[in-house]
Amino acid sequence: MAEYGDHESSGNPLETLRHSSAHLLAAAVTELYPDAKYGIGPAVQDGFYYDFDFGKPISEADLAAIESRMRKLAQADIPFVHETLSRRQAVDEFTNRHQDYKLELIADKVEGDEVSVYRTGDFLDLCRGPHVRSTKDLKAFKLLRVAGAYWRGDEKKPQLTRIYGTSWPTPKELEAYLKFLEEAELRDHKKLGKDLKLFAIDDRVGPGLPLWLPDGATIRREIERFIVDEELARGYLHVRTPDVARLDLFRQSGHAQLYKEYMYPPMIFEDGEELELRPVNCPHHIVVYQTELRSYRDLPLRIAEIGNNWRYERSGTLAGMNRVRSFALNDAHIFCTPDQLMDEVRGAIDLALYFSKVLGIDEFRFEVATRDNVKDKWLGDEVQWAEAQGALEEALESMGQLYTVKAGEAAFYGPKIDFQVHDAHRREFTNSTVQVDFQMPQRFDLEYVAEDGTRKRPVMVHRGAAGAMERLFSYLIERYAGAFPTWLHPTQVVVASVRDEFNEYAQKVGAELRKSRVRVLVDTRSERLDRKIRDAKTKKVPYIAVVGSSEVETNSVNLNRRGGERETVSVEAFLESIKAEIAERRR
RNA sequence: GCCCACGUAGCUCAGGCGGUAGAGCAUCUCCUUGGUAAGGAGAAGGUCCCCGGUUCGAAUCCGGGCGUGGGCUCCA
């Protein structure tokens, strides 16, 4: 979390500009709301924010006035002045201003007797800088929205009002950014999901419980077939296990204790039976592992399933298909020896990279989430952790992949690699993950018979190579703006007859394509061709095959491709080419 | 869960300072047979999110819910 000490701009000019914009915002706010207390105000991706305690909350309607005050201050050409105060002076200054949050930061974060502050006219802020020279350097900013944010990121602390804004060196860049936001709006999976009838979320079913409509379900089926076939080819064993289990299973795994807040309450029956909707698949897969005595010859054993998980996410965190309460994870649990760990991690990363390549996930980055030394929230001994962490990092390095390390972000049972992608609005989220686990093997007393006949404990790797189907789908909708590659598109071809008299031929062409499992819609409505083309284009169908008198004569179709080019080809040639495109999963 | 905003026909939205609502698209019917992004006409369609309160009267005002969106916290 950004706090004094790490929210300062690094010297990157754009960050400096945005950080100065945050100060300008706070200066305007303190003029308009003299009782407002200010918290922190860093530069963030694409802009900045500042947190305030207004006493009583403000709303977005108030932003216009604040922004125009900012403009006024910007035009006034007020310099950003750096000063170093003694601790005593600083405390006096902020006490006079009733700035309790700043006083708290001075007490907690400032070491020594020197306190760095910046003055902008009457406004004084605890800050290391650097800043732009004058408010006049801030030429292109806009306030975007207000939000609640807990003081110092802590739910138990008071909630402040955060004002978000964006700031750019020139008005032209600001305009381009606002345009980008507008375009992101058009790609939004929630909007396109509705427009293209891919999925629906209905109050009567419940929040976070999406319904996959026929076209969405078609895309999901294609993705699942692709995933399962590829995993089978790579030595995974696909299983099917139930969405529920006795609560005791999750007591043994530790989820009932450590993961309780995300779990649905158990179903308790008259005879005392307690069944629990599973929040994760691992316990079921462990039971699969234990259906027989395993030998070292069986390892690595890779048990996979596109398994449904149920997590009672807090209502405020739900978001379209990206964050739901019931989702299908492309999950697998690899049981292996410590010696095999590296290769298995590499294999999992390689698979995730392959899925990404085929699905079109071009922009991503890796994060290695490790334990930190401060907290005692980690289970297991440090040597194991160090080994596992080393294996993860070495795997990435040996594959030439760059990564960042996030200390303290590991799962309680082991370190992990997260595969970070971002949506149309550049909001980042985890799609796939590779996690090393020493806890479950211990809790379930997993073992295998080693070469020397002794019983040994396997290591477990949890991995979701393509993530959850729901989240992946939300990503793909935005990635392609609904214009899915042919192999994924629910309607691969629309056959459009020019007039009713060609309907029969259109049906014949459609039937021909369908024989090869091409998904075809034959548009025989009594509408003009224009209309049929428009409707198909609106649905972003990759091929529109127009048929009229000349096509009937030559047994051909006139193809209107999504890219734009048009061409008359024989039905046979079209069929061959689209079959190849689908088989190769071309983008 | 918390903060802010929003919730009117299947969809996108008007309207309404209190007198029970309107458009376009979609749907249905009829007419139209038109070669590459919306042919025409008509019909049908709404407990204005839900529950309370104020009022002669509430979609409109007030209160409480529920849901959605953007954030916070959390996370696949």
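As rounded to whole Å, 14 Å separates atom C1' of B/G71 from atom CD1 of A/Ile58. In this entry the distance linking NZ of A/Lys197 with P of B/U27 reads 8 Å, nearest Å. Taking atom CD on A/Glu305 and atom P on B/A76, their separation rounds to 18 Å, with Å as the unit. In this structure, the CG atom of A/Asp195 is 12 Å from the C1' atom of B/C25, given to the nearest Å. If you take NE2 of A/His255 and C1' of B/C75, they are 13 Å apart, rounded to a whole angstrom. Between the C1' atom of B/C75 and the CZ atom of A/Arg323 lies a distance of 4 Å, rounded to the nearest Å. Counting to the nearest Å, the P atom of B/A76 and the CZ atom of A/Phe366 are 16 Å from each other. Rounded to whole Å, the distance from CG on A/Asp203 to P on B/C49 is 12 Å.
Regarding contacts with the backbone of B/C3, every side-chain N or O of A/Tyr49 stays at 4.0 angstrom or more from both OP1 and OP2. Note on A/Arg162: every side-chain N or O is 4.0 Å or more away from OP1 and OP2 of B/G71. Between A/Lys532 and B/G35, a side-chain N or O to OP1/OP2 separation shorter than 4.0 Å is absent. Within the structure, a side-chain polar atom (N or O) of A/Arg427 is placed less than 4.0 Å from OP1 or OP2 of B/G70. When the side-chain nitrogen and oxygen atoms of A/Lys190 are compared with OP1 and OP2 of B/G70, one or more of them lie within a distance under 4.0 Å.
Considering only side-chain atoms of A/Val324, the nucleotide from B/A37, B/U36, B/A76 that sits closest is B/A76. Counting only heavy atoms from C-beta on, A/Asp530 has its side chain closest to B/G39 among B/A76, B/G39, B/G67. Side-chain proximity of A/Pro207 to the nucleotides B/U68, B/A76, B/U73 is greatest for B/U68. In this structure, the nucleotide among B/U73, B/G35, B/A37 sitting nearest to the side chain of A/Ser549 is B/G35. Among B/G71, B/G35, B/C75, the nucleotide with an atom closest to any side-chain atom of A/Glu313 is B/C75. Closest to the side chain of A/Asn560, from the set B/U36, B/G35, B/A76, is B/U36. Checked against B/U36, B/G71, B/C75, the side chain of A/Val546 finds its nearest nucleotide in B/U36. Considering only the side chain of A/Tyr150, B/C2 comes nearest among B/G67, B/C4, B/C2. Comparing atom distances between the A/Phe327 side chain and each of B/A76, B/C72, B/G35 picks out B/A76 as nearest. Looking at the side chain of A/Arg499, the nearest of the listed nucleotides B/G35, B/C4, B/U33 is B/U33.
Each of A/Ile303, A/Leu329, A/Val239 was checked for a side-chain contact (heavy atoms from CB on, under 4.5 Å) with A/Asn281, and the lone residue meeting it is A/Leu329. No option in A/His284, A/Arg302, A/His462, A/Glu305 other than A/His462 meets the side chain to side chain donor-acceptor pair (under 3.5 Å) test with A/His333.
Heavy atoms of A/Glu501 sit nowhere under 4.0 angstrom from any nucleic acid atom. As judged by a 4.0 angstrom heavy-atom cut-off over every strand, A/Glu185 is placed among residues making no nucleic acid contact. Backbone-only contact: A/Arg145 has heavy atoms under 4.0 Å from sugar-phosphate atoms and none from a base. Residue A/Lys539 is classed as having no contact, given no heavy-atom separation below 4.0 Å to the nucleic acid. Residue A/Thr317 is classed as a base contact, given a heavy-atom separation below 4.0 Å to a base. Looking at heavy-atom distances under 4.0 Å, A/Leu144 makes no contact with the nucleic acid at all. Nucleic acid contact class of A/Gly464 (heavy atoms, under 4.0 Å, all strands): none. Heavy atoms of A/Thr430 sit under 4.0 angstrom from primed sugar atoms or phosphate atoms, though from no base atom.
Nearest-nucleotide assignment on RNA chain B puts the 5′-proximal partner with A/Lys537, out of A/Tyr164 and A/Lys537. Both A/Asn431 and A/Arg534 sit near RNA chain B, but only A/Arg534 has its closest nucleotide nearer the 5' end.
For A/Arg234 and A/Tyr354, the positive end sits near the middle of the six-membered ring, less than 6.0 Å away and at most 45° from its axis.
The partner of B/U33 is absent, by the rule that a Watson-Crick or G-U pair needs both atom distances under 3.5 Å. Across all strands shown, nothing is found opposite B/U47 as a Watson-Crick or G-U wobble partner with both distances under 3.5 Å. Under the Watson-Crick and G-U wobble criteria, each requiring two contacts below 3.5 Å, nucleotide B/G22 is paired to B/C13. In this structure, B/A5 and B/U68 make a Watson-Crick or G-U wobble pair, each of the two defining distances being under 3.5 angstrom. Within the shown strands, nothing qualifies as a pairing partner of B/U73 under the Watson-Crick or G-U definition with both distances less than 3.5 Å.
Scanning atom types as modelled, one donor and one acceptor separated by under 3.5 angstrom connect the side chain of A/Arg314 and the base of B/U73. No N or O donor and acceptor, one from the side chain of A/Glu60 and one from the base of B/C4, sit under 3.5 Å apart. At a cut-off of 3.5 angstrom, the base of B/U36 holds at least one donor-acceptor pair with the side chain of A/Asn558.
Between the side chain of A/His238 and the main chain of A/Glu231, no donor-acceptor pair closer than 3.5 Å is present. Judged purely by atom type and a 3.5 angstrom limit, A/Arg18 uses its side chain to pair as donor or acceptor with the backbone of A/Ser167.
Look at A/Phe429 and the base of B/A76; the rings do not stack under the cut-offs of 5.5 Å between centres and 30° between planes.
The closest side-chain donor-acceptor pair between A/Thr166 and A/Asp46, if any, does not fall under 3.5 angstrom. Remark: the A/Asn431 side chain and the A/Tyr475 side chain contain no N/O donor-acceptor pair separated by less than 3.5 Å. Side-chain contact, A/Thr430 with A/Gln420: a donor N or O sits under 3.5 Å from an acceptor N or O. A/Ser526 and A/Asp500 share a side-chain donor-acceptor pair at under 3.5 Å.
Separation of atoms CE (A/Met263) and CD (A/Glu276) is listed at 4.0 Å; rounding is to 0.5 Å.
Taking atom C1' on both B/G7 and B/G16, the two are 16 Å apart, rounded to the nearest angstrom. B/U20 and B/A59: their P atoms are spaced 11 Å apart (whole Å). Between B/G15 and B/C72, the two P atoms lie 32 Å apart (nearest whole Å). Across the C1' atoms, B/G71 and B/C51 are found 29 Å apart, a figure rounded to whole Å. Across the P atoms, B/G63 and B/G18 are found 16 Å apart, a figure rounded to whole Å. B/A14 and B/A23 are spaced 7 Å apart, taking the C1' atom of each and rounding to whole Å. Comparing B/C48 with B/U32, their P atoms sit 41 Å apart, to the nearest whole Å. Taking atom C1' on both nucleotides, B/C61 is separated from B/C17 by 11 Å, rounded to a whole Å.
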